[in-house]
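Just so it is clear, the values below take in all heavy atoms, side chains as well, and ignore hydrogens, waters and symmetry mates. Protein chains get the first letters and strands the later ones, always in sequence-line order, with residue 1 at the start of each.
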Number of protein chains: 4
Amino acid sequence: MNRHTTRVTVRYGETDQMGFVHHRVYLLYFEHGRTSMMKALGCPYGQMEKDGAFLPVTEVGLKFKAPARFEDEIEIATTVQSVTAARVIFAYEVRKVVDDTLLCEGFTVLGSIGANGVAKRLPAGLVETLKGELA
Amino acid sequence: MNRHTTRVTVRYGETDQMGFVHHRVYLLYFEHGRTSMMKALGCPYGQMEKDGAFLPVTEVGLKFKAPARFEDEIEIATTVQSVTAARVIFAYEVRKVVDDTLLCEGFTVLGSIGANGVAKRLPAGLVETLKGELA
Amino acid sequence: MNRHTTRVTVRYGETDQMGFVHHRVYLLYFEHGRTSMMKALGCPYGQMEKDGAFLPVTEVGLKFKAPARFEDEIEIATTVQSVTAARVIFAYEVRKVVDDTLLCEGFTVLGSIGANGVAKRLPAGLVETLKGELA
Amino acid sequence: MNRHTTRVTVRYGETDQMGFVHHRVYLLYFEHGRTSMMKALGCPYGQMEKDGAFLPVTEVGLKFKAPARFEDEIEIATTVQSVTAARVIFAYEVRKVVDDTLLCEGFTVLGSIGANGVAKRLPAGLVETLKGELA
């Protein structure tokens, strides 16, 4: 299994009045892990959109294990769980760097559409690349 | 089954460059539906925190069915799916008001902790009230 | 002076660990007030973009007078302060509904560009309508 | 003048349907620049709150010069513009790393309160440290 990792520091505006990172923010962390992985693999998502290939998120699942807090440095580990011509599933683990505590784990399913919003096959090059990353 | 509904209008800052509401935003819509329901039931969540009862989100699942867009009026329907002394599960449907299109459905699991972050039983009054809302 | 008002309830995810609405959120409230006013005046901003007229924000100023908190109902009052063919300035006051406390006041300057990103004159109909709203 | 710089990559969820980073996001970038500078100076803001010193934002001003886009690497340069026992003013420049384009410049005024919300003097150590950073 090929894991891609990237790090971010928790921003103040990502906390809520409970004193923890608000749960919606992990979807931004997942997205950052996924797009960072695609860039590292030579398939930057921004370029894909310019080429007319859009990957909307169609399903997500997240389990929160421990709270992240302001100024925590966290690491997002991203893996490819499944790839077909119609969809990709990425899985994620978010951990606190200082002591490796698991904060959140989850997955996102991405579909594939064109600029007109109609379903179309994922770019062949992307499918091949992501298959090479499967466990 | 007792459904609680509330409406919001999609804000510009909730869209992304695909032209749709970004998927993280539905967690804010769910939260708005849930807290609006609790308020309508006489158990406003803000007061619960003042009384030392905190309900962190421990798990979520969302399926995206159709995109919401800027200025769409949407309706969030919230139901109670399960209640114990340790956790509550809410389910949600988000629909476009103009034509009732289903945009997103999902659930959130909420745990129960005290101000010190340690697990504790949900307030008995809340459990009783939410049980009265079960299907 | 023609004031347009609209109301929203503070969402949990809009608070930060200080227990207040995070300051960035007021820009979303301003935007909601402004787009709500434009819609009420028969010039919905979503339609303008479809017609190729984009109004990016080029400058903002905000003063925070008192904190808003979770579940507060707030009212956003929007007025047109200045209109030319090249830019519009809107001013805002955000108040707590329950006791009319002033929470935040500020302004946004909006420029005018086409779909290609190049500066162009604001739609004549919009300029005329907004001039009718000046103090 | 002592400039502190830090870098971030634009996230997809920070864009809006115009295809640019939404203007509210620059307040998160400014905040990240400011808290990163305070940490580098040995006065991490998270610790200050634990010690009972809170610095709410009381005023901001931003001018947007050019749009940032998804996947742009940007640099936030932060400087201290003014310090008294009651407030600090930070100034910011956000630039695109690849070609040094100025994207946004602005300032934030921070006041000083205790855990009870009442105004109090800034910690003496912080005032001294920040004075050492003045131009």
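Proximity to chain B (any heavy atom under 4.5 Å) is shown, for Phe107(A), by neither the backbone nor the side chain. Pro56(A) touches chain B through backbone and side chain together, each having a heavy atom under 4.5 Å away.
Between Phe64(A) and Val57(B) the shortest heavy-atom distance is CD1-O, 3.5 Å.
When the shell of 6.0 Å around CD of Glu128(A) is examined, it contains 12 or fewer heavy atoms from other residues, nucleotides or ligands.
Residues of residues 21-49 of chain A lying under 4.5 angstrom from chain B, judged on non-hydrogen atoms, are His22(A), His23(A), Arg24(A), Leu27(A), Leu28(A), Glu31(A), Arg34(A), Tyr45(A), Glu49(A) by number.
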